[in-house]
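Everything numeric here is computed off the predicted structure, so don't read it as measured data.
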Amino acid sequence: MPLWLKRSLQLFSSLILLLIVIFIGLGIYVSANKKELQVAITKELNKNLNGNLTIANIEPTFLKGFPNVSVSLKKVEIKDSLWNIHHHSLLTAGDLDISVNTMALLKGTIEIKKITINDASIYLYTDSNGYSNTSVFKEKPKKEPEIKDESSSPAQIRRFDLNAVRFILDNRKGNKLFLFAIQDFSGKIDYPSTGWKADVNLKILVRSLAFNTKRGSFVKDKLLEGKMNIAYNEKAGIIEVKPNILNIGTDPFILGAKFKISKDPVEFSIRVEAPSILWKSASALLAPNITSRLDMFNLDKPISAKAIIEGNMGAGGDPSIFVKAGVKNNTLTGFGGVVDDCNFAGVYTNNFINGKGYTDENSAIKLYHFSGSYKELPFTIDTVFIHNLDKPVATGIFKSQFNVAKLGTVLGTDVLNFTKGTADVKLNYSADIVDFKLNKPMLTGTINVKNADVSYVPRGVNFKNTSISLDFKGPDLLIHDIRLQSGKSVVLMDGSVKNFLNLYYNSPEKILLNWSMRSPAIYLGDFLAFLGTRKNSTPVKSKNKSNSFATQLNTMLEKGSAEINLRVDKVYYNKFTGTNATADIFLSENGLNLKNVSLKHGGGSIKLNGKLQQNGRLNNFALNTVVSNVNIRDFFYSFDNFGLESPTYKNLKGSFFTKTNVTGSVDGGGKLIPGSMNGNVNFDLKKGALVSYDAVKSIGKFAFPFRNLDNITFDNLNGNFDIKGRLVTIKPMMINSSLLNMNLAGVYATTGKGTNILLDVPLRNPKKDEDITDKQELKERRMKGIVIHILATDGEDGKIKFKLVGKKDKDS
């Protein structure tokens, strides 16, 4: 071994031995002077206290602080001057280790290099009057005289380490409660000219971080773990936590804060940013009153979020809270539904209007540039605004364009089944939020549907190429440019509903629609399904919740009412054709009322009033009609001879006038139920004729072989019939014709048996009186000559048979 190396090792060993001897000597010195050292340390630590610091025992720890001298203080307690009143010690530590500068100790001074606190409780208490036990620390005078005292300590702690420490900030005046279970809080402190700065490692379980104990805790029962860089600017009086990554629970956050301790009370500002966190995880970090509101929603994928919490330690209410979030290509659950492909930027604030306080009532949630797809229906909302979280109200502008066939995913297909067409929606809405769902939104704006094919399933009615424009005006609904096509019928409509939204949500059966309808041609047969029995429908159900929208729509369509002012160029029903039709119609759940119905038919006019009421499979009607100057042949042809088997429209000519007041029933196909009619009919036939009527010809060929039986004319024929089911009572009437004159009365059975009609027929040929113009003379001559009496009754073959009866039989 080279001599220089050998000497170097000897020198190094000697130095180490010397240090060990010195350190042991210092330890012996500390042990020998333990009581004096305990008094000195206690005196040093009490210098800046308005209260009392006690140490039960002091022990040297040789190895912990090498080359400095370390001592362990046992059962350390710091009490302020009013401890006897509130009983909250500022510090209670089972073990407090202090590392003291060796060289300073040899000079007879105390310089603390490191403090380690184990198994302790730090309790910062402020009573309801604002007194705090932190007043145990004396305030530094504004100007301190420069006194050089070698026995004084710089009172600078270079390192610290807290383990198993319970930290409590209990501010009764400001309703603040911070409770931390500190597993590790360690680091080092430097002292630049501006103040001090510390690099900290921490692992803390947050039991409570309540800025307002009435609202509950933020970050409750979450573990905080990471590093912090903390700096104090003495001149500004600000403690600043530099932004750094910190884990809260399992999620990484960027956390920064400022505490302005020069203010009384202390002002604070905390900034938290989560680049990627689940909505529920972020919501769970906030106070319960905020969490309950944000839990109105959920997002499946992580979001980005930032929060700023600002306030002061003396304020009794909530701090200012401002949260921003960004959502992209996510799935949102909320408002009672699920939105796919969801994108928006969100903001929460509890200070919506400055000066109104940091309250739920003054809180708001704003969602900007909202877009998504609800049950395959794409939509956008410029701004979703939810304010007053005590009683939440949501507002916004809803826009959407979609194929109406996709409405089946929302409405189901049991009521309205759309198969084609497009919809363009732009609605301003306002809605209460009840049980996390939009409740009874109020709407303004338009819904336009074009080229739609839709079936009204309960009635089996199909509409083609349908268009409609819905205009929501406050509580009212205006309906424009409706085009309905069913079969060959095309109907154009405009309408309105007063107080629509209120009734729709609360009493859809009370809705009254006012319609103005016009049509170039209506084929009533296209709508006969409304006369049939309604098919039962069960609205579609979403996940465990009934689709109330579809239910209300179905109720409105079936039980709502409508007042219709109708104008139709042509009306077709089976064989009937009418023109220039007008009507006032009232539709209700059970049927319809007709008023002021007027139309042209058969060269004349028809006016009527009536009602149709559905009763199971039958539809009961009541009609009052006035028919003027209508071609009787067309009239009887159009209405299938009104159920008569004879005569038929083929046997009739002339201009027909009638007034009727009848009731009856029609089936689901609109056909008259035989024998269902009751009422009264007055008629007048002018310039009429009975053509090729076999019932007359069969008897006339024997009684009047030389008279024209194929065309029996009437100048004026009138009568009065009472109808009771299948029996028609013919009140006494006089018939003056080209064949003969007669008087008749009796009962005619439209079906089956019951016909019993008596005819008084003078055999005198009316042709002989053609030149007589005097009405009185005609009346006197009418029944002169031979008069035969004929009884028309039912035959065995079902046909009417005639037989001559005597005057005696006639009278009987």
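By the 30° and 60° cut-offs, the orientation of the rings of H87 relative to W83 is perpendicular. Taking the six-membered ring where tryptophan is involved, the planes of Y123 and H88 are essentially parallel, since the angle between them stays under 30° and well short of 60°.
Checked against W279 for a side chain to side chain contact (heavy atoms under 4.5 Å, CB included), the options I303, N330, D300 give a single hit: I303.
With salt bridges taken as basic N to acidic carboxylate O contacts below 4.0 Å, one links K242 and E240.
Between the OG1 atom in T395 and the CD1 atom in I381 there is a gap of 10.0 Å [rounded to 0.5 Å]. Taken from CG in N50 to OG in S135, the straight-line distance is 6.5 Å, to the nearest 0.5 Å.
Panel note: side chain T333, backbone V338; no donor-acceptor pair is recorded below 3.5 Å. Using a distance-only test at 3.5 Å, with no hydrogens or angles considered, no donor-acceptor pair links the side chain of N133 to the main chain of D80. Of the possible donor and acceptor atoms, none in the side chain of D190 sits under 3.5 Å from a partner among the backbone N and O of K197.
S72 and D95 form a side-chain donor-acceptor contact under 3.5 Å, judged by distance and modelled atom types alone.
Every residue meeting the salt bridge (Lys or Arg N to Asp or Glu O under 4.0 Å) condition with K280, not counting sequence neighbours, appears here in chain and number order: D295.
Put simply, the side chain of T383 does not reach to within 4.5 Å of the side chain of L367, judged on heavy atoms. A heavy-atom distance below 4.5 Å is not found between the side chains of L389 and T359. A 4.5 Å side-chain heavy-atom check between K79 and S89 finds at least one atom pair inside the cut-off. Using a 4.5 Å heavy-atom cutoff, the side chains of C342 and F370 are in contact. A 4.5 Å side-chain heavy-atom check between K203 and L223 finds at least one atom pair inside the cut-off. I55 is listed as a side-chain neighbour of L53, based on a closest heavy-atom distance under 4.5 Å. Proximity of M228 to L255: side-chain heavy atoms (C-beta onward) are separated by under 4.5 Å at one or more points.
Within a 6.0 Å sphere centred on NZ of K74, heavy atoms belonging to other residues, nucleotides or ligands number more than 12.
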query: H86 and D127: side chain to side chain contact (heavy atoms under 4.5 Å, CB included), yes or no, with the steps?
result: CA-CA 8 Å; H86 57 72; D127 67 16; over 6 Å; no
- request: Verify side chain to side chain contact (heavy atoms under 4.5 Å, CB included) between F180 and L169, making sure each step is shown before the conclusion.
  value: CA-CA 9 Å; F180 303 147; L169 186 151; over 6 Å; no
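Sorted by first and then second residue, the ring-ring contact (aromatic ring centres under 6.0 Å, His included) pairs involving residues 215-272 (not counting sequence neighbours) are W196-Y232, F211-F218, F211-F268. Residue pairs meeting the salt bridge (charged side-chain N to carboxylate O under 4.0 Å, His left out) criterion with at least one partner in residues 262-278, sequence neighbours excluded, do not occur; the list is empty.
Taking the six-membered ring where the residue is Trp, the centroids of F297 and F344 are separated by 6.0 Å or more.
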